[in-house]
Novice: 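What follows is a structure written as structure tokens; I'll ask about it next.
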2 protein chains.
Amino acid sequence: MPARVTTLKELAASLDLSITTVSRALAGHEQIALKTRERVAKAARLAGYVPNTAARTLVSGRSGFVGLVLPIRGPNLVDSFLGEFVTGLGEGLVSHGADLILATAALDQSELSVLRHVVESGRADGVVVTRIAEVDARLTYLRQRGFPFVAHGRLLDNGFAYNWLDTDGARAFGEAFDMLYDLGHRHFGLVTISEPMTFRHLRQDGLAAAIGRRGDPSVRLDVVTAPRFDRGARIQAVNRMLQDPDRPTAIVALFDELALTVMEEAARTGLTVPRDLSVIGFDNIVASAYAPPGLTTFDASIRQCAREIADMLLTIITDKPAAPLTRVIRPTLVPRASHGPVPQARS
Amino acid sequence: MPARVTTLKELAASLDLSITTVSRALAGHEQIALKTRERVAKAARLAGYVPNTAARTLVSGRSGFVGLVLPIRGPNLVDSFLGEFVTGLGEGLVSHGADLILATAALDQSELSVLRHVVESGRADGVVVTRIAEVDARLTYLRQRGFPFVAHGRLLDNGFAYNWLDTDGARAFGEAFDMLYDLGHRHFGLVTISEPMTFRHLRQDGLAAAIGRRGDPSVRLDVVTAPRFDRGARIQAVNRMLQDPDRPTAIVALFDELALTVMEEAARTGLTVPRDLSVIGFDNIVASAYAPPGLTTFDASIRQCAREIADMLLTIITDKPAAPLTRVIRPTLVPRASHGPVPQARS
DNA sequence: CACCTGATTTAAAACGTTTGCATTTTTACC
DNA sequence: GGTAAAAATGCAAACGTTTTAAATCAGGTG
């Protein structure tokens, strides 16, 4: 077992062929005699030859890597989708022989600066950008740079053409409303966030559109807002809604973490879900299955999204399609036990 | 804004200096005049110069990457620690200016073959290997290859010197026993797995050692085993233990997933935790906080472990210490509501 | 037997850095 | 003003590939 890495030069020498021929033989070029190709392939296998990535990248301009920037948000805050997302990306990439680079943005670094570094150092052939904000400097940079990328999520500005994949939150929230309406609910609550993320609009608009479609003037919607990562403020906001004597009978939360807070606070203040209150979330995080009585939610299929994003990105890198690629994933309802018929009139 | 990447040659030309000087100036060599260094630094900043990774790697032999192999285990199975682990690694690496490469092993690929590819293509300066089995071909390969690595977990064979970091499962299981013993429990159950992972021995041995230390012959321990990823078999094994009329009053599970199954099955069969049965897990996965009544467990501090692993690995890469680095992390008890005093004699 | 054609193979340049060694420039001293 | 030493800069090779353009070879033809 050689402790050294076999190089093309050594392999060529051992075969009494030129580097050129060996390189071409391994690449499977037709112009190299078939028996030479076979001879080279066998020798390469025996020697355990693996081409040097740096050298290959340098000359070909292709690294075979796709980049993802991982922001560190705080000492105890881990992106709850990261595992699934990364797994999906890996899955999508491996079938094309590509690998993932995870570049970390420390607390004091902007995600954009790390992204620039990844792009400009030539480490990656394309990048994936997640959690798109309403206006997002990363996309502006990538587009003007002409660098291949796929966004997971959308901008607010539709005039800006780019490649994206997104879950159809609008549709899901519409479905949630319809389901709850059919269960007799008329007074709805929406718990949302204050950060300028596009998905909050899409989902809220989806809810509003569904309400509009019913044309029932008795339907009411209360909205309460909290900062995304501030647990204290979130609890406070939720309680503002729950403590109201005229509180909604059904609460839709922008995503599961918020819905779980609603359920916890409801339990803490003596409300029984779903008897007194229906709650619906979005994302289907693992905890949602365990939190009593089991949160009804929509599965965002993060892993599948990531897999498709990887496919899209590799298509963009190799085929350079003229028109941007876009794709909408339909979330599926995961009915559990946190929703039910509207409670009868309260005393 | 240039769509092209600035190269050292261009930068040198614009400064009317040689490539050599510019390279050295940016590297901060003392031999370059201070004012030249400053002039170059400024121009580089202005031009947005970022050195090409491939070229640098090729000549220096250092890629600035650390590798991790991500195995795809199944369409719906995601490594529950992946997010935390990767975040910790990123955190540890970023402070040294290194980045992470995630190489995916498809279902039909061995993790070892992917690992070899990463190592031999020169993509990484070192690798992290997780979930060490009792006997692990990956470590054998890496050692004979002389490639820098840190293992998260241990081998059964202690004669084999290598760099590792592990959580002190033995200690935690000892603590769990002591706590339960002091609550009056004398009949214990251990739910463990059949896969040849070293940690199952360490934890079980820790439990046995604590039992031995008490020297109380009335203490009994039942052990039940299930395959790790087979949910059906797991449920069956747990029920074998729970249905026994002479069942344990306290069950310790090798890790949280198993403990959650115990709690679910207990609830399903009419047992109330912790009144009728105490349950303790290990890992502190997110769901453990939500699963009623709240699982008492040990926090394995995956993120912190990963951060330290990154530090260890970078130390190994740069300093090449003669003796292997090893580190034991002490897990901390997370007391929740799934443990309590031994139930009074049953009818 | 010289020549042409098509099939194989090869030499050499290029990718963008780092670095050993040589060269040029500056400084200090007489 | 000349010289030696010190300081600063530059030349060129090297890293391991891919690729362009050219060279060689074998086989058939006239």
Side-chain angles (χ1 to χ4, degrees), chain A residues 2 4-41 43-44 47-65 97 117-125, chain B residues 2 4-41 43-44 47-65 97 117-125:
Chain A
R4 242 171 359 79
V5 182
T6 308
T7 156
L8 205 51
K9 197 199 283 187
E10 292 170 3
L11 193 59
S14 81
L15 283 162
D16 205 28
L17 283 172
S18 74
I19 295 180
T20 309
T21 305
V22 176
S23 172
R24 289 220 170 94
L26 289 172
H29 286 213
E30 293 287 336
Q31 59 184 306
I32 302 296
L34 182 59
K35 62 182 174 210
T36 308
R37 293 212 296 271
E38 287 168 345
R39 195 161 67 97
V40 170
Y49 171 72
V50 178
N52 180 289
T53 304
R56 174 176 278 185
T57 302
L58 187 55
V59 61
S60 71
R62 280 282 178 81
S63 68
F65 283 119
H117 195 263
V118 169
V119 168
E120 287 166 26
S121 66
R123 292 162 130 76
D125 302 333
Chain B
R4 240 171 1 80
V5 182
T6 308
T7 156
L8 205 52
K9 196 199 282 188
E10 292 170 3
L11 193 59
S14 81
L15 283 161
D16 205 27
L17 284 171
S18 73
I19 294 179
T20 309
T21 304
V22 176
S23 171
R24 290 210 171 100
L26 290 173
H29 286 211
E30 293 288 337
Q31 61 183 313
I32 303 297
L34 181 60
K35 65 181 174 214
T36 308
R37 293 211 295 272
E38 286 169 343
R39 196 163 66 98
V40 171
Y49 170 72
V50 178
N52 180 289
T53 304
R56 173 175 277 187
T57 302
L58 187 57
V59 61
S60 71
R62 279 282 178 81
S63 68
F65 283 119
H117 195 261
V118 169
V119 168
E120 287 164 25
S121 67
R123 293 163 129 77
D125 302 333

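The sequence lines fix the lettering, A, B, ..., with proteins before strands; numbering per chain opens at 1. None of these values were measured; they are calculated from a predicted model.
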Novice: Mind listing the closest non-hydrogen atom pair of A/Leu11 and A/Ala44 along with its distance?
Specialist: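 So the minimum-distance heavy-atom pair works out to CD2-CB, 3.9 Å.
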Novice: So, is A/Thr36 close to the C/dT9 phosphate, meaning a side-chain N or O under 4.0 Å from OP1 or OP2?
Specialist: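 Answer yes for this pair, as a side-chain N or O of A/Thr36 is under 4.0 Å from OP1 or OP2.
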Novice: Within the pair B/Thr7 and C/dC15, is there a side-chain N or O less than 4.0 Å away from OP1 or OP2?
Specialist: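 For B/Thr7, the contact criterion (side-chain N or O under 4.0 Å from OP1 or OP2 of C/dC15) is not met.
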Novice: Using a strict heavy-atom distance below 4.0 Å, which residues from residues 12-22 of chain A are in contact with DNA chain C?
Specialist: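 Residues of residues 12-22 of chain A that come under 4.0 Å of DNA chain C are, in numerical order, A/Leu17, A/Ser18, A/Thr20, A/Thr21.
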Novice: For B/Thr57, report the nucleic acid contact type (base, sugar-phosphate, nothing); a contact means any heavy atom under 4.0 Å.
Specialist: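 No contact at all - B/Thr57 keeps every heavy atom at 4.0 Å or more from the nucleic acid.
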Novice: What's the CG-P distance between B/Leu26 and D/dT9, to the nearest Å?
Specialist: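 My rounded result for the distance is 13 Å.
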Novice: Taking atom P of D/dT17 as reference, at what distance in whole Å does atom NZ of A/Lys9 sit?
Specialist: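 Interatomic distance, NZ of A/Lys9 to P of D/dT17: 10 Å.
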Novice: Considering residues, nucleotides and ligands other than A/Glu30, do more than 12 of their heavy atoms fall under 6.0 Å from its CD?
Specialist: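 12 or below, so no.
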Novice: Measure across B/Asp125 and B/Ser63 and return the closest heavy-atom pair with its distance rounded to 0.1 Å.
Specialist: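 Result for this residue pair: OD1-N, 2.8 Å.
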Novice: Which of these, A/Thr53, A/Asn52, A/Val50, sits in a side chain to side chain contact (heavy atoms under 4.5 Å, CB included) with B/Arg123?
Specialist: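 Of all the options given, the one that passes is A/Thr53.
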Novice: Please give, in whole Å, the distance from C/dA7 C1' to A/Leu34 CG?
Specialist: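 About 13 Å, once rounded to whole Å.
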Novice: Determine: side-chain N/O of B/Tyr49 to OP1/OP2 of C/dG16, distance under 4.0 Å, yes or no.
Specialist: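 No.
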Novice: Quick check on D/dT18: is either OP1 or OP2 less than 4.0 Å from any side-chain nitrogen or oxygen of A/Ser60?
Specialist: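 False: A/Ser60 side-chain N/O out of range (4.0 Å or more) of D/dT18 OP1/OP2.
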Novice: With the side chain counted from C-beta on, respond yes when B/Leu26 and B/Tyr49 share a heavy-atom pair under 4.5 Å apart, and no when they do not.
Specialist: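 In short, these two side chains touch, coming nearer than 4.5 Å.
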Novice: Name the residue closer to the 5' end of DNA chain C, choosing between B/His29 and B/Ala54 according to the nucleotide with the nearest heavy atom.
Specialist: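 Closest to the 5' end, via its nearest nucleotide, is B/Ala54.
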Novice: Should A/Thr21 and A/Leu15 count as side-chain neighbours, where that means a heavy-atom distance under 4.5 Å?
Specialist: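 They are not in side-chain contact.
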Novice: Just how far, in rounded Å, is P of C/dG20 from CZ of B/Arg24?
Specialist: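 My rounded result for the distance is 8 Å.
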Novice: Rounded to whole angstrom units, what separation is found between the CZ atom of A/Arg62 and the C1' atom of C/dA14?
Specialist: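 About 18 Å, once rounded to whole Å.
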Novice: Could you give the CZ-to-P distance, from A/Arg56 to C/dG16, as a whole number of Å?
Specialist: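 Those two atoms, CZ and P, are 18 Å apart.
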Novice: Enter the distance from A/Arg39:CZ to A/Thr36:OG1 here, rounded to the nearest 0.5 Å.
Specialist: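 Result: 6.0 Å between the selected atoms.
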Novice: Select from B/Ala33 and B/Leu58 the residue whose nearest nucleotide in DNA chain D is closer to the 5' end of that strand.
Specialist: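 Here B/Ala33 is the residue nearer the 5' end.
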Novice: If I take atom CZ in residue B/Arg123 and atom C1' in nucleotide D/dT17, what distance separates them, rounded to the nearest angstrom?
Specialist: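 About 14 Å, once rounded to whole Å.
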Novice: Specify the separation, in whole Å, of atom CZ of A/Arg39 and atom C1' of C/dT8.
Specialist: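 About 13 Å, once rounded to whole Å.
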